[in-house]
Amino acid sequence: QLQLVESGGGLVQPGGSLRLSCAASGFTLDRYAIGWFRQAPGKEREGVSCISRSGVGTNYADSLKGRFTISRDHAKNTVYLQMNSLKPEDTAVYYCAADGPLTLFNVCRKSTADYDYWGQGTQVTVSS
């Protein structure tokens with residue numbers, strides 16, 4: 001059974017950093033593009049970032065460029081989201097999701113509708 005598990009969330013002060021991890025259980029992430037999404041209370045789930053199977057292709061929400069960085073470690077079967085200069089408006093539940101298998105090697109997609117497998121989410125709270 002395909003399972004994604006997010007970790008690394010928590011409470012952080014404005015301006016701080018967190019690194020989220022998305023680990024796979026029961027399958028290899030190499031065959032999938034991976035996306036990070038977030039959902040704040042009362043708001044729709046939105047795309048944060050995605051990374052292609054190769055790791056070469058990435059996308060970011062325009063408002064997050066320069067603060068967030070997505071990466072993947074094939075050996076560890078894990079995808080990371082490094083979040084810097086966090087703001088209170090970044091508070092949300094963060095989800096990782098897998099698109100595939102065997103999507104385009106150097107391209108990732110940004111819509112929630114493109115992703116078939118989802119983790120349960122990790123809470124990120126940015127507050128002083």
Side-chain angles (χ1 to χ4, degrees):
Q1 184 177 357
L2 306 184
Q3 188 173 6
L4 295 169
V5 179
E6 304 95 337
S7 62
L11 173 64
V12 63
Q13 292 186 343
S17 297
L18 285 174
R19 188 178 77 159
L20 305 184
S21 299
C22 174
S25 175
F27 68 107
T28 175
L29 284 179
D30 287 358
R31 304 176 72 193
Y32 297 81
I34 302 298
W36 281 100
F37 300 84
R38 68 184 183 183
Q39 188 166 18
K43 295 187 177 181
E44 292 187 355
R45 193 169 297 188
E46 63 176 358
V48 172
S49 182
C50 67
I51 189 166
S52 67
R53 288 172 57 209
S54 66
V56 171
T58 59
N59 275 299
Y60 296 91
D62 289 341
S63 62
L64 302 177
K65 288 180 181 178
R67 295 195 298 123
F68 288 17
T69 303
I70 193 170
S71 62
R72 66 191 306 161
D73 186 328
H74 294 287
K76 294 184 178 180
N77 207 28
T78 301
V79 172
Y80 302 100
L81 183 69
Q82 178 68 42
M83 306 187 296
N84 298 327
S85 302
L86 283 162
K87 304 175 181 180
E89 50 264 42
D90 294 319
T91 296
V93 178
Y94 284 71
Y95 300 89
C96 68
D99 175 15
L102 300 179
T103 54
L104 293 175
F105 196 57
N106 291 320
V107 176
C108 62
R109 300 189 286 184
K110 297 183 285 186
S111 171
T112 56
D114 296 321
Y115 290 79
D116 298 315
Y117 307 100
W118 291 80
Q120 293 190 330
T122 185
Q123 176 71 47
V124 172
T125 303
V126 184
S127 175
S128 56

Please enumerate all residues that pass side chain to side chain contact (heavy atoms under 4.5 Å, CB included) together with Ser54, with sequence neighbours excluded. Ser52, Val56, Phe105, Asn106

Residues that, via side-chain heavy atoms closer than 4.5 angstrom, fall in one hydrophobic cluster with Tyr80: none

Rounded to the nearest 0.5 Å, how far does NZ of Lys110 lie from CG of Asn59? 5.0 Å

The reported gap from OG in Ser49 to CG in Leu81 (rounded to nearest 0.5 angstrom) is 6.0 Å

Show every donor-acceptor pair shorter than 3.5 Å between a side-chain atom in residues 89-104 and any protein atom, with sequence neighbours excluded, or say none if there are none.
| unit_1 | atom_1 | unit_2 | atom_2 | d |
| --- | --- | --- | --- | --- |
| Asp90 | OD1 | Arg38 | NH1 | 2.9 |
| Asp90 | OD1 | Arg67 | NH2 | 3.1 |
| Asp90 | OD2 | Arg67 | NH1 | 2.8 |
| Asp90 | OD2 | Arg67 | NH2 | 3.4 |
| Asp90 | OD2 | Lys87 | N | 2.8 |
| Thr91 | OG1 | Pro88 | O | 2.9 |
| Thr91 | OG1 | Val126 | N | 2.9 |
| Tyr94 | OH | Arg38 | NH1 | 2.9 |
| Tyr94 | OH | Asp90 | O | 2.6 |
| Asp99 | OD1 | Arg109 | NH2 | 3.0 |
| Asp99 | OD2 | Arg109 | NE | 3.0 |
| Asp99 | OD2 | Arg109 | NH2 | 3.3 |

Please set out all donor-acceptor pairs under 3.5 angstrom arising from side-chain atoms of residues 12-30, sequence neighbours excluded.
| unit_1 | atom_1 | unit_2 | atom_2 | d |
| --- | --- | --- | --- | --- |
| Ser17 | OG | Asn84 | OD1 | 2.9 |
| Thr28 | OG1 | Asp30 | N | 3.3 |
| Asp30 | OD1 | His74 | ND1 | 2.6 |

For Val5, which residues count as a side chain to side chain contact (heavy atoms under 4.5 Å, CB included) partner, sequence neighbours excluded? Gln3

Do Ile51 and Val107 land in one hydrophobic cluster if side-chain heavy atoms of ILVMFWY residues count as linked below 4.5 Å? no

Of all pairs that satisfy ring-ring contact (aromatic ring centres under 6.0 Å, His included), the ones with a partner from residues 35-67, not counting sequence neighbours: Phe37-Tyr115, Phe37-Trp118

Within this structure, what is the NZ-OG1 distance for the pair Lys65 and Thr58, rounded to the nearest 0.5 Å? 9.0 Å

Among all residues two or more places apart in sequence or in another chain, which pass the side chain to side chain donor-acceptor pair (under 3.5 Å) test with Gln120? none

Can you pull out every disulfide bond (SG atoms under 2.5 Å apart) where at least one residue sits in residues 99-128? Sequence neighbours excluded, please. Cys50-Cys108

Could you list the residues that satisfy side chain to side chain donor-acceptor pair (under 3.5 Å) with Ser71, not counting sequence neighbours? none

Kindly write out the residues that satisfy salt bridge (charged side-chain N to carboxylate O under 4.0 Å, His left out) with Lys76, not counting sequence neighbours, or none if the list is empty. none

Side-chain heavy atoms of Tyr32 within contact of Leu2, under 4.5 Å: yes

Using every non-hydrogen atom in the two residues, find where Ile34 and Ile70 come nearest and quote the distance to one decimal. O-CD1, 4.1 Å

Not counting sequence neighbours, which residues clear side chain to side chain donor-acceptor pair (under 3.5 Å) with Arg45? List them please. Gln39

Minimum heavy-atom distance between Gly47 and Ala61, given as atom pair plus value: O-CB, 3.6 Å

